2 protein chains.
Amino acid sequence: MAGSSGTTARPDTPTAAVSPLLGEGGEQVGMVAKFFRALGDPTRLRLLEFLLAGEHTVSECVTHVGLSQGRVSVHLACLADCGYVAARRDGRYTHYRVVDPRVADLVVLARSLAADNCVALAACERITPRT
Amino acid sequence: MAGSSGTTARPDTPTAAVSPLLGEGGEQVGMVAKFFRALGDPTRLRLLEFLLAGEHTVSECVTHVGLSQGRVSVHLACLADCGYVAARRDGRYTHYRVVDPRVADLVVLARSLAADNCVALAACERITPRT
DNA sequence: TAGATGCATCCGCTTTGACGAATGCCGGAC
DNA sequence: GTCCGGCATTCGTCAAAGCGGATGCATCTA
C-alpha cells in the first residue's frame, strides 16, 4: 500500500551512512523527538518559515499568523529553545531570526518528502488533520 | 554555538533556496507539520531508527520498543502513511522497511541540529519532556 | 513625573493523541 | 475441517499542549 507514489523509492543508498550514528543514543531519541515536535505544530512551522524569509519582531509575527500575542510569544520562545531561531533584544522590541542555514535545509528536505507522499499523508487519520 | 557552518545563514544568501518553495503553500504548512509530528513521538522515532537499520516484522518491532502489539501496529501504519516506511506482506507476517534514502538524511540532519542545541533543548519546558 | 507600547508569563478551558486491553480478520499448521 | 499465531482495528482513559485573555515588567515618549 505505502508504495503508492511511484516517484519515490530509491533503494540505492542502504543504511550504511546512518547506522553508526543510530547505535549509540538511547537518550538522544527523546531529545530528537522533542526537536521534531517543535515543528509538528502548524503555527510554529508557519512562524519558522516566516522567519526564514528574514528577521521579524514579535508583533510582526503576531500580525502574520493572526493569533494572540501571548501565544505567539510562547511559540517563538519554544523555537528559540530548540535552536531553530535566535532572539535579539533591541529596546522594547525583540527580533527573531534563523541563524543556522541547516534549518532551511531541514525544512526543504521535509517539504520534499512530504510532497512525494502528499496523498497518503493527507489520508492519514492517525495524526490530527489539523488545519 | 552551532557554529557548524561558519557563514551565518542569511544576509548574503537571502532565502533564494527556500522562498520559492515557501511562498506558494498555505495548505502545505499543515501537511508538513503533520509530517514532522509523526517523528515528534519518541516511540515512532525509535521505530523509524530501528527500521533504518534494516527490515523488520511487527513482532520484532514490538520486542524492540517493549509496548503493546496494537500500539506498535498503529505507529508503524502511521509511519507508512507519512511515507517514512513501506509495508510488505509475506504470508501472515508484515515487514516494514525504509525505502527512501532521504529519510535517513532527514534524521541525520535533525540529530545534528538537536545535538548542537541539546542544552537549551533539554531545558525547554514548553514541550513535553517525554522520555 | 505619568502614560503608552511591546513582550513574557500565568490561568482556565478544550482538544489531541498515546496507551493497554479486547476484539476481529486472515493465513499457515495440524 | 479445526486450531493457532501474527497483525490490524476499536474503545475508554488520561496526560500533553494549544488557545484566548489577564497580568506584570521593561522601555520609549510626552
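From a predicted model like this one, the values you see are computed outputs, not experimental measurements. The basis for the numbers below is simple: all heavy atoms, side chains too, and nothing from hydrogens, waters or symmetry mates. Below, chains carry the letters A, B, ... as their sequence lines are ordered, and counting in each starts from 1.
Partners of B/S112 under the side-chain hydrogen bond (donor to acceptor under 3.5 Å, both in side chains) rule, at least two apart in sequence or in another chain, are A/R102. A/R88 pairs by the side-chain contact (heavy atoms from CB on, under 4.5 Å) definition with A/E55, A/D90, A/H95, not counting sequence neighbours.
Protein atom CG of B/D90 is 18 Å distant from nucleotide atom P of C/dC26, rounded to whole Å. Put simply, CG on A/D41 is 13 Å from P on C/dT16, counting in whole angstrom units. Counting to the nearest Å, the C1' atom of D/dC7 and the CZ atom of B/R88 are 15 Å from each other. As rounded to whole Å, 18 Å separates atom C1' of C/dA18 from atom NZ of A/K34.
Pairs of residues two or more places apart, or lying in two chains, never qualify as ring pair (Phe, Tyr, Trp, His ring centres under 6.0 Å) while including a residue from residues 103-126 of chain A.
To the nearest 0.5 Å, the span separating CZ on A/R111 from CD on A/E49 amounts to 4.5 Å.
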Extract from the structure each pairing of a protein N or O with an N or O of nucleotides 2-9 of chain C at less than 3.5 Å, listing the distance.
unit_1: C/dT5; atom_1: O4'; unit_2: A/R92; atom_2: NH1; d: 3.3
unit_1: C/dT5; atom_1: O2; unit_2: A/R92; atom_2: NH1; d: 3.2
unit_1: C/dC7; atom_1: OP1; unit_2: A/V58; atom_2: N; d: 3.2
unit_1: C/dC7; atom_1: OP2; unit_2: A/S59; atom_2: N; d: 2.9
unit_1: C/dC7; atom_1: OP2; unit_2: A/S59; atom_2: OG; d: 3.2
unit_1: C/dC7; atom_1: O3'; unit_2: A/T94; atom_2: OG1; d: 3.4
unit_1: C/dA8; atom_1: OP1; unit_2: A/Y96; atom_2: OH; d: 3.1
unit_1: C/dA8; atom_1: OP2; unit_2: A/S73; atom_2: OG; d: 2.5
unit_1: C/dA8; atom_1: O5'; unit_2: A/S73; atom_2: OG; d: 3.3
unit_1: C/dA8; atom_1: N7; unit_2: A/Q69; atom_2: NE2; d: 3.0
unit_1: C/dA8; atom_1: N6; unit_2: A/Q69; atom_2: OE1; d: 3.0

Could you go through residues 73-87 of chain A and list every donor-acceptor pair under 3.5 Å that involves a side-chain atom there, pairing it with any protein atom two or more places apart or in another chain?
unit_1: A/H75; atom_1: ND1; unit_2: A/R44; atom_2: NH1; d: 3.3
unit_1: A/D81; atom_1: OD2; unit_2: B/R126; atom_2: NE; d: 3.2
unit_1: A/D81; atom_1: OD2; unit_2: B/R126; atom_2: NH2; d: 3.2
unit_1: A/Y84; atom_1: OH; unit_2: A/F35; atom_2: O; d: 2.8

For residues 58-67 of chain A, please give each side-chain donor-acceptor pair under 3.5 Å, one per line with the distance, not counting sequence neighbours.
unit_1: A/S59; atom_1: OG; unit_2: A/T57; atom_2: OG1; d: 3.2
unit_1: A/E60; atom_1: OE1; unit_2: A/H56; atom_2: ND1; d: 3.1
unit_1: A/E60; atom_1: OE1; unit_2: A/T57; atom_2: N; d: 2.8
unit_1: A/T63; atom_1: OG1; unit_2: A/S59; atom_2: O; d: 3.1

